[in-house]
Amino acid sequence: MPKKKSNYRKDANSIIVRVKEPDELLSFLFKAMPTRSRNSVKSILGRGQVMIDDAIEKQFNYKLKPGQTVTILKNKAAIKQDALIGVQILYEDDDILVINKEAGLLSIATEKEKRHTALHQLMKYVKRENPDNRIFIVHRLDKDTSGIMLFAKSNDVKRKLQDNWKTMVKERTYAALVEGKVSKKEGYITSWLRETKTHIMYSSQTPNDGLLAKTRYKFIQGNADFSLLEVNLETGRKNQIRVHMQDLGHPVVGDKKYGSKERNAIGRLGLHAKVLAFHHPATNKLMTFKADVPASFIKKSK
């Protein structure tokens, strides 16, 4: 007789069980952990080691529905170990959350990737404290750009930040590793940005032919092959720095989309959001967050 296929799987830190039929949580857990004593199962539930989909649940009579996923964490430490990949939380309060995002991680979901994003991970993170908690995206970084991102904990805070972005945000500074030796020590680039049907941004010098974009840059260090620039955004347009560096004749390293020939020089895009300064939406206090420039940027430009 063939062995019946199990509806759950195990990994190093957890047991993951798919709900097949309506049940109460405690009853479900007794069946999922038949070798555990009833008191042990109750303790696991009470310690917050049980998650329904993306949120911790402690109510023994929680009504489970078919299709839900129950994750039983083997110990409390597994909650933090599982929590965030490619995300470092720099600051958190009742209104906002500030992170340092690694290169390679999407800010938000796409058609191809729904779960491995900064937003999805942070949503899971805040729901572990309270299933009603939510996170709202305020601005984005490209997948291959690392650095500081700001999130809101309510829709009202999100709206306030977005509607007053120009007055509330006091500094957005990036580190850009670009191709070639930039001869001019400082520069100011302005253009109107437009987007093609294939989602490529490009510059126009015709007034009002697109969205006005303004970028300042300062040369930090460089050699014959690479230059490290400090870049300040006066406007926040899609792919603004990448397009303006291409206009300058020094595309961002690894940026095949906008003219880079050095695709594997550092194994990533040479763009990093290193400073974000803004007035707190509730207290109006000026807050400044910094993320160190990646070592590969500094090494390549010496």
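One-based numbering along the sequence shown.
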Does a donor on one side chain sit under 3.5 Å from an acceptor on the other, for Thr215 and Glu234? no

For the side chain of Thr206 and the backbone of Asp209, is there at least one donor-acceptor N/O pair under 3.5 Å apart? no

Students often mix this up, so state it plainly: with edges at 30° and 60°, are the rings of Phe289 and Phe278 parallel, tilted or perpendicular? parallel

Going through the distances and angles, do Gln88 and Ile99 end up as a side chain to side chain contact (heavy atoms under 4.5 Å, CB included)? CA-CA 5 Å; Gln88 177 192 7; Ile99 69 164; over 6 Å; no

Backbone N or O of Lys143 within a donor-acceptor pair of the Lys101 side chain at under 3.5 Å? yes

Do we get Arg242 above Tyr258's six-membered ring, with its NZ or CZ under 6.0 Å from the centre and within 45° of the axis? no

Counting only heavy atoms not in Asn164 (residues, nucleotides, ligands), do more than 12 fall under 6.0 Å from its CG? yes

Kindly check if the number of other-residue, nucleotide or ligand heavy atoms within 6.0 Å of NZ (Lys214) is above 12? no

Could you tell me whether the side chain of Lys166 and the main chain of Asp163 form a donor-acceptor pair under 3.5 Å? no

Between Lys31 and Asp23, is there a side-chain N and carboxylate O pair less than 4.0 Å apart? yes

Give a yes-or-no answer on whether the side chains of Gln240 and Tyr174 include a donor-acceptor pair shorter than 3.5 Å. no

From the list Asp142, Thr145, Leu141, side-chain contact (heavy atoms from CB on, under 4.5 Å) with Ser107 holds only for Leu141

Side-chain donor or acceptor of Asp255 paired with backbone N/O of Pro251 under 3.5 Å: no

Hey, what do you get for NZ (Lys63) to CZ (Phe28), rounding to the nearest 0.5 Å? 14.5 Å

Which word best sums up how the rings of His139 and Trp165 line up, parallel for under 30°, tilted for 30 to 60°, or perpendicular for over 60°? tilted

Could you tell me if Glu179 and Ser260 have a donor-acceptor pair between their side chains, going purely by distance under 3.5 Å? yes

Using a 3.5 Å distance criterion without hydrogens, assess whether the side chain of Gln68 forms a donor-acceptor pair with backbone atoms of Lys65. yes

Would Asp94 and Lys153 pass as an ion pair if we require N to O under 4.0 Å? no

For residues Ser191 and His244, is any side-chain donor paired with an opposing acceptor at under 3.5 Å? yes

Minimal non-hydrogen separation, Ser227 against Phe219, with atom names: OG-CE1, 3.6 Å

So the salt bridge (charged side-chain N to carboxylate O under 4.0 Å, His left out) pairs with at least one residue in residues 271-282 (sequence neighbours excluded) are Glu230-Lys274

